[in-house]
Amino acid sequence: MRERVFTIAIDGPAASGKGTLARKLAAHYGLHHLDTGLTYRAVARALLDAGLPLDNEAAAEQAARGVDLGTLDRETLSAHGVGEAASKIAVMSAVRRTLVEKQRAFAKTPPGAVLDGRDIGTVVCPDADVKLYVTASAAVRAERRWREILGQGGEADYETILADVERRDARDMARADSPLKPAGDAHLLDTSEMDIETAFRAARAIVDKVLAARN
Ligand SMILES: Nc1ncnc2c1ncn2[C@@H]1O[C@H](COP(=O)(O)OP(=O)(O)O)[C@@H](O)[C@H]1O
Ligand SMILES: Nc1ccn([C@@H]2O[C@H](COP(=O)(O)OP(=O)(O)O)[C@@H](O)[C@H]2O)c(=O)n1
């Protein structure tokens with residue numbers, strides 16, 4: 001008999017804090033964690049490194065096939081510009097199909113996983129046990145990204161980051177294949193006025209309620 005896995009799906013726009021929450025929830029509940037954004041970033045990075053244009057669909061699909069979930073390196077993929085490039089290759093259905101297959105296989109690994117991205121609750125894991133849609137105002141999200149970049153010793157202009165965040169939101173929400181939107185059964189968590197601990201507590205309360213209802 002196949003072991004029952006527990007899945008938490010977290011979606012939301014750029015810098016809403018979904019990755020931070022996903023990591024904390026995975027550690028708390030003893031689940032695996034996959035930041036699916038890194039898989040799209042890895043494809044974009046491969047094209048950039050090869051000097052190929054981001055609209056080369058055949059090359060993007062081939063790069064997607066080569067993505068190894070075990071070796072995704074947050075350090076090299078986290079650059080702000082790579083996120084922007086990732087949202088361009090993320091409109092391609094062939095790329096999405098290839099990556100979603102890998103993400104679904106990951107989610108099936110016992111005892112289960114927390115996956116964060118844009119389409120986890122709607123496409124990758126529509127049967128997830130818990131779905132969270134994490135959001136915050138564009139201004140708050142841009143400030144978080146700005147602080148993050150400065151904190152890492154980088155240089156950043158707040159207004160430029162805000163414009164980037166808004167442009168990326170528009171692209172992610174408007175695309176035809178798997179646009180960013182809350183699943184019908186997702187719990188909405190607006191973290192604009194919450195610090196990390198408060199958001200984590202709110203997310204745990206939602207997950208604990210689901211777990212209690214099962215026992
Ligand atoms: N509730 C919060 N309050 C303040 N800062 C936050 C909060 N959640 C996340 N952050 C910070 O904002 C930045 C973006 O968070 P991250 O989890 O990477 O977002 P996402 O995965 O949605 O892009 C990080 O520097 C993180 O530490
Ligand atoms: N499940 C996912 C995850 C990311 N993506 C795309 O990949 C880009 C980068 O995602 P990310 O989660 O690393 O970005 P941040 O929110 O961390 O800035 C997004 O802007 C989306 O276009 C997607 O289409 N589907």
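The figures that follow rest on heavy atoms only: side chains count, while hydrogens, waters and symmetry mates do not. Indexing begins at 1, ligand by ligand and atom by atom, following the structure's order.
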Show me which atoms of ligand 2 lie under 4.0 Å from any heavy atom of [X].
{"X": "A86", "result": "7 (O), 8 (C), 9 (C)"}
{"X": "R41", "result": "11 (P), 13 (O), 14 (O), 15 (P), 17 (O), 18 (O)"}
{"X": "A15", "result": "16 (O)"}
{"X": "S87", "result": "20 (O), 22 (O)"}
{"X": "G37", "result": "3 (C), 4 (C), 10 (O), 11 (P), 12 (O), 13 (O)"}
{"X": "D119", "result": "1 (N), 2 (C), 25 (N)"}
{"X": "Y40", "result": "1 (N), 2 (C), 3 (C), 4 (C), 5 (N), 7 (O), 23 (C), 25 (N)"}
{"X": "A90", "result": "6 (C), 22 (O), 24 (O)"}

Taking atom types as modelled, is there a side-chain donor on [X] or [Y] under 3.5 Å from an acceptor on the other?
{"X": "D119", "Y": "T122", "result": "no"}
{"X": "Y29", "Y": "R204", "result": "no"}
{"X": "R65", "Y": "T98", "result": "no"}
{"X": "T191", "Y": "R144", "result": "yes"}
{"X": "D190", "Y": "Y133", "result": "no"}

Treating R141 as the side-chain partner and A14 as the backbone partner, does any N or O pair qualify as donor plus acceptor under 3.5 Å?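 Flag set: sc R141 to bb A14 pair under 3.5 Å.
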Does G121 offer a backbone N or O that forms a donor-acceptor pair with the side chain of K131 under 3.5 Å? yes
Could you pull out all residues at least two apart from H80 that satisfy side-chain hydrogen bond (donor to acceptor under 3.5 Å, both in side chains)?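 For H80 the side-chain hydrogen bond (donor to acceptor under 3.5 Å, both in side chains) partners, ignoring immediate neighbours, are D164.
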For [atom], which protein heavy atom lies nearest, and how many Å away is it?
{"atom": "atom 22 (O) of ligand 2", "answer": "D172 OD1, 2.6 Å"}
{"atom": "atom 12 (O) of ligand 2", "answer": "R118 NH1, 3.0 Å"}
{"atom": "atom 25 (N) of ligand 2", "answer": "R96 NH2, 3.0 Å"}
{"atom": "atom 9 (C) of ligand 2", "answer": "R168 NH1, 3.5 Å"}

Could K18 and D11 be called an ion pair, given the rule that one side-chain N must be under 4.0 Å from one carboxylate O? no
Between ligand 2 and D116, is the shortest N or O to N or O distance under 3.5 Å? no
Flag this pair as yes if the NZ/CZ of R4 is under 6.0 angstrom from the six-membered ring centre of F6 and inside a 45 degree cone about the axis; otherwise no.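 Output no; distance or angle outside limits.
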R145 and ligand 2 - part of the residue with a heavy-atom distance under 4.0 Å: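 Only the side chain of R145 comes within reach of ligand 2.
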If you look at every heavy atom in V5 and G112, which pair is closest and at what distance? CB-CA, 3.8 Å
Every residue of the protein that comes under 4.0 Å of ligand 1, judged on heavy atoms: P13, A15, S16, G17, K18, G19, T20, R144, R145, E148, M194, D195, I196
